[in-house]
Amino acid sequence: MTQPVPMYRLDTGTTELPVEEGTAVLLGPVTLADYLQGDALLQRLPDGSLALDGQRARWAGSLQGDIDQLLLRQLAWRLKTQRLELSPGKGFTPDVQVELDITRLDSGPEHPAVLEAQWRLLDSSGKRQASRLVRLQEEHQGSTADQVRAQSLLLQRLSEMMATAIEPLATAKAPARRDAVKAPAKPKVQDPVIHAIEPIRTDLEVFRF
């Protein structure tokens, strides 16, 4: 009998979707290294090479889509905003755009989960405000399922770091939005009308009888 192929998905973590509008964030483009484009769950071997999992484990669906949704939900939760879209976001005007390149995301039975990436933050005019290279590592118990858990944790930690970097830009943008809303004009209060006081006539003659 043919053994069923185990399939895995990333864990987006425990997140609560916010109700606030908040900062407008455009996520992407998010690019993955070429070896992460397929659906096979590759394993890092002791000599550093990559090979198929012994059980030929696969990603359930698109790894790209899983990563996009994990980051989107994590950023929405951490930044407390519903105003997030994936690139290209046609018709969407962001306050901040996050470009992300993931050059490594893998693990092995004897190798910890490792994530290497670079993000860039752009303001509403498209000007680069920040850029950072990161390398994160997470230990696991060796099983494929625990390796996927460790890789999910790395992506959650990455989203936390990006949210921390986005917050100052969001804070700087907030006053500009508030200033753009004009306060309603106060009704003009008219000065009270003071009538002129007429002088009392003193030129009257007094007759005595």
Side-chain angles (χ1 to χ4, degrees), residues 7-39 41 58-106 113-136 148 151-182:
M7 306 187 79
Y8 298 89
R9 294 197 66 180
L10 295 170
D11 181 7
T12 59
T14 303
T15 59
E16 295 182 6
L17 294 181
V19 296
E20 299 91 343
E21 289 295 320
T23 305
V25 179
L26 181 63
L27 176 61
V30 177
T31 60
L32 304 183
D34 290 342
Y35 79 94
L36 297 172
Q37 300 291 339
D39 61 354
L41 205 162
R58 295 182 176 276
W59 294 107
S62 164
L63 178 59
Q64 175 81 62
D66 264 13
I67 291 175
D68 287 346
Q69 289 302 315
L70 186 155
L71 296 174
L72 199 69
R73 289 177 175 272
Q74 282 281 324
L75 289 175
W77 172 54
R78 296 182 185 280
L79 294 171
K80 296 179 174 58
T81 179
Q82 279 278 351
R83 300 174 66 202
L84 288 101
E85 285 203 19
L86 289 169
S87 179
K90 293 182 179 179
F92 181 70
T93 303
D95 297 325
V96 183
Q97 180 176 355
V98 187
E99 297 179 343
L100 176 64
D101 298 324
I102 296 178
T103 55
R104 180 178 175 182
L105 179 63
D106 57 59
V114 175
L115 168 65
E116 294 179 354
Q118 179 185 24
W119 79 69
R120 294 170 295 277
L121 300 183
L122 312 179
D123 62 18
S124 56
S125 62
K127 183 179 179 181
R128 182 180 297 190
Q129 296 296 322
S131 177
R132 184 172 179 184
L133 286 165
V134 296
R135 186 183 192 277
L136 305 175
V148 173
Q151 293 182 26
S152 301
L153 286 177
L154 291 179
L155 289 164
Q156 293 171 30
R157 285 169 55 192
L158 176 67
S159 67
E160 180 181 10
M161 296 171 71
M162 292 194 301
T164 301
I166 291 170
E167 283 176 347
L169 296 180
T171 303
K173 186 69 179 178
R177 287 199 301 268
R178 288 196 295 267
D179 293 343
V181 180
K182 293 183 178 180

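Atom CG in L86 sits 5.0 Å away from atom CG in L72 (nearest 0.5 Å). To the nearest 0.5 Å, the span separating CG on L27 from CE on M162 amounts to 6.5 Å. Put simply, CZ on R78 and CD on E160 are 4.5 Å apart, with the number rounded to the nearest 0.5 Å.
Closest heavy-atom contact between F92 and V25: CE2-O, 3.6 Å.
Within the 3.5 Å criterion, the main-chain N or O of L36 finds no donor-acceptor partner in the side chain of Q64. With hydrogens and angles ignored, the 3.5 Å screen pairs no side-chain donor or acceptor of Q118 with any backbone N or O of I102. Put simply, the side chain of S159 never gets that close to the backbone of L71: no donor and acceptor are under 3.5 Å apart. With hydrogens and angles disregarded, no donor-acceptor distance shorter than 3.5 Å links the side chain of E167 to the backbone of L79. At least one donor-acceptor pair closer than 3.5 Å links the side chain of R83 to the backbone N or O of G22.
L122 is listed as a side-chain neighbour of R128, based on a closest heavy-atom distance under 4.5 Å. No side-chain heavy atom of V96 sits under 4.5 Å from any side-chain heavy atom of D123.
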> After noting the C-alpha distance and the side-chain angles of D66 and L155, does the key distance pass the side-chain contact (heavy atoms from CB on, under 4.5 Å) rule?
Replying inline: CA-CA 11 Å; D66 264 13; L155 289 164; over 6 Å; no
>> side-chain contact (heavy atoms from CB on, under 4.5 Å), that's the test. Do T81 and L75 meet it? Break it down for me.
In response: CA-CA 8 Å; T81 179; L75 289 175; over 6 Å; no
> How far apart are the C-alpha atoms of R73 and L17, what are their side-chain angles, what is the distance that settles it, and do they pass the side-chain contact (heavy atoms from CB on, under 4.5 Å) test?
Replying inline: CA-CA 7 Å; R73 289 177 175 272; L17 294 181; 3.7 Å; yes
> Would L136 and V114 satisfy side-chain contact (heavy atoms from CB on, under 4.5 Å), going step by step from the backbone distance to the final call?
Replying inline: CA-CA 6 Å; L136 305 175; V114 175; over 6 Å; no
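Residues D95 and S124 have side chains that never bring a donor and an acceptor to within less than 3.5 angstrom of each other.
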